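A short worksheet on the structure shown next.
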Amino acid sequence: MKCKFEKKIGAFLDNELQKEDFAQVKEHLKSCLICQQTLRELNSINIFFENYTDVEVPEYLNQRILSKINSSVSKFKKNIINFAVAASIAFAFFSGLFASNQTFTQNRENTEQIAFGTESFYSYLDWEE
Amino acid sequence: MDKIEFELFLRKENKKIYNYLLKILRNSEDAEDVMQDVFISFYKKVDSVKPIAYESYLFRTAYHKALNFIKKNKKKKSIMFEMNEMDHYAVNEDKANSNNNDIVHRAMQNLSLKDATIIELKYFQKKNYSEIAEILSITSSAVDSKLVRARRKLKKIISQEFSRKPVFENRGVR
């Protein structure tokens, strides 16, 4: 047999019902054996937990966590330093590459200019002829 | 969060997480490993969490880490389970009457992780329905119904435990 109030017993026990609902269930409980039984059943586990005492956390566990945090932080710092060194090397390498490329281009331009100058000179001579 | 703030937070919250893990995992070594994982993961992600939500975020992390741990160890546990649990039962049988913690641990370990977590939040962390709902990402009415169901299961387990029948079942991930 079921009672329509039964599903509210848990919230009643936990004091999670609105004021009106709470009063209604409280009144209902006076006469309903099903709901009284449900209330007793749900309430009975409170006694089970009563004598439970929290266990202290061993200090070595706190220390283990803190040292892991410290090592992960220093690992992070080490990674940043490694990254900075790698970035500097890469920057130096590419700067060097860019500079040599610039020199090469400039030399090529100069050579072309000389070649052009020579050509012009010869064409001038041709023209002179 | 800097290292000093983290240490203060760790010392404030460690006991509740440790005791939760002791209740739901099979032994203290497992609880210690998972707890370490929980706090390190929390530290790495804490900057994206609002300070007001630290506690619920930490508990959610603990729940998920424990879930992953159980999943990973499911296979290994199923091989080792019977022998270990029978040893555990034999060793602790005399102590069981005087040590209520032991009975609570064993009863909680026979619930599904979700049911054990909802019981933990209600009875040990003293959370109300809306706080439990937030931590488990469910509605308050779902908390109500799940809590009733978890209480009934626990009641059944306790009755079996007190009648001295071993109730160990191989808990998988549900």
Side-chain angles (χ1 to χ4, degrees), chain A residues 2-19 21-22 24-25 29 34-80, chain B residues 2-3 6-7 10-11 13-23 28 31-33 35-40 42-44 98-105 107-108 119-120 122-124 128-130 132 140-141 143-159 161-162:
Chain A
K2 288 200 171 187
C3 174
K4 65 171 184 174
F5 280 91
E6 209 185 343
K7 62 180 182 202
K8 290 186 176 177
I9 300 298
F12 173 82
L13 179 68
D14 297 327
N15 205 13
E16 294 273 352
L17 288 178
Q18 297 291 322
K19 212 174 171 183
D21 266 1
F22 185 86
Q24 202 182 16
V25 174
L29 272 164
I34 299 165
C35 290
Q36 282 173 16
Q37 173 58 30
T38 304
L39 183 66
R40 267 196 298 273
E41 185 193 8
L42 297 181
N43 199 28
S44 64
I45 65 163
N46 284 339
I47 304 154
F48 180 66
F49 294 134
E50 257 173 17
N51 296 321
Y52 186 88
T53 43
D54 272 347
V55 178
E56 288 296 326
V57 180
E59 185 51 29
Y60 67 78
L61 181 57
N62 290 330
Q63 292 307 325
R64 209 165 85 186
I65 293 167
L66 292 169
S67 80
K68 284 268 175 190
I69 293 293
N70 285 333
S71 71
S72 74
V73 169
S74 51
K75 213 175 189 180
F76 179 69
K77 276 183 187 167
K78 219 182 262 177
N79 283 345
I80 288 180
Chain B
D2 62 28
K3 281 189 274 179
F6 175 75
E7 184 168 352
L10 169 73
R11 293 191 182 279
E13 302 292 333
N14 59 1
K15 204 170 170 180
K16 65 175 79 161
I17 298 298
Y18 184 59
N19 278 275
Y20 164 60
L21 296 171
L22 281 177
K23 285 184 212 107
S28 56
E32 287 174 13
D33 288 347
M35 179 153 143
Q36 180 180 308
D37 210 9
V38 169
F39 276 95
I40 289 169
F42 174 85
Y43 182 75
K44 282 179 183 167
S98 58
N99 190 353
N100 193 51
N101 279 14
D102 191 48
I103 301 171
V104 170
H105 289 174
M108 292 283 272
I119 292 283
E120 167 73 22
K122 177 65 201 159
Y123 287 94
F124 296 96
N128 62 33
Y129 284 11
S130 62
I132 298 173
S140 288
S141 59
V143 171
D144 186 5
S145 57
K146 282 176 192 295
L147 196 52
V148 167
R149 200 184 59 190
R151 277 193 273 227
R152 284 195 164 129
K153 282 186 191 168
L154 188 64
K155 172 88 171 31
K156 198 176 165 191
I157 291 165
I158 295 166
S159 323
E161 186 75 17
F162 279 113

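Each chain gets a letter, A, B and so on, in the order the sequences are listed, and its residues count up from 1. The shown structure was predicted, so the numbers you read here are calculated from the model rather than taken from an experiment.
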| message | Among B:K155, B:K16, B:R11, B:R151, which residue has the highest count of heavy-atom pairs closer than 4.5 Å to chain A? | response | B:R151
| field | Residue part contacting chain A, namely of B:K122, when any heavy atom lies under 4.5 Å | value | side chain
| query | What is the distance from atom CD of A:E16 to atom CG of B:L147, rounded to the nearest 0.5 Å? | reply | 9.0 Å
| Under a 4.5 Å heavy-atom cut-off, does chain A meet the side chain of B:I119, its backbone, both or neither? | side chain
| query | What pair of heavy atoms forms the shortest contact from A:K7 to B:D144, and how long is it? | reply | O-OD2, 3.9 Å
| message | Just to verify, what does B:E32 make a side chain to side chain donor-acceptor pair (under 3.5 Å) with, not counting sequence neighbours? | response | A:Y60
| field | Interface residue of largest heavy-atom contact number with chain B, from A:D14, A:T38, A:N51, A:L66, under 4.5 Å | value | A:D14
| request: Can you tell which part of A:I9 gets under 4.5 Å to a heavy atom of chain B, answering side chain, backbone, both or neither? | output: neither
| task | Take B:D33 and A:R64 through the test salt bridge (charged side-chain N to carboxylate O under 4.0 Å, His left out) and record every step on the way to the result. | result | CA-CA 10 Å; B:D33 288 347; A:R64 209 165 85 186; 3.2 Å; yes
| note | Correct closest heavy-atom pair for A:K68 and B:I40 would be CB-CD1, 3.4 Å
| Would you say the side-chain atoms of B:N101 pair up with the backbone N or O of A:T53, donor to acceptor, closer than 3.5 Å? | yes
| said: Measuring from atom CZ of A:F48 to atom CE of B:M108, what distance do you get when rounded to the nearest 0.5 angstrom? | reply: 9.0 Å
| said: Nearest 0.5 Å, please: how far is CD1 in A:I69 from NZ in B:K44? | reply: 7.5 Å
| query | What part of B:N128 is in contact with chain A, defined as an atom under 4.5 angstrom from a non-hydrogen atom: side chain, backbone, both or neither? | reply | both
| said: A quick test of your reading: do over 12 heavy atoms of other residues, nucleotides or ligands sit less than 6.0 Å from CD of A:E59? | reply: yes
| field | B:M35 side chain reached by A:I65 side chain, heavy atoms, under 4.5 Å | value | yes
| Reported CG-to-CZ distance for the pair A:L42 and B:R152, which is rounded to 0.5 angstrom | 5.5 Å
| task | With a 4.5 angstrom heavy-atom cut-off, could you sort out which part of B:Y18 is near chain A: side chain, backbone, both or neither? | result | side chain
| note | dist B:N19:CG -> A:Y52:OH (nearest 0.5 Å) comes out at 4.5 Å
| message | With rounding to the nearest 0.5 angstrom, report the CG to CZ distance, A:N62 to B:F39. | response | 8.5 Å
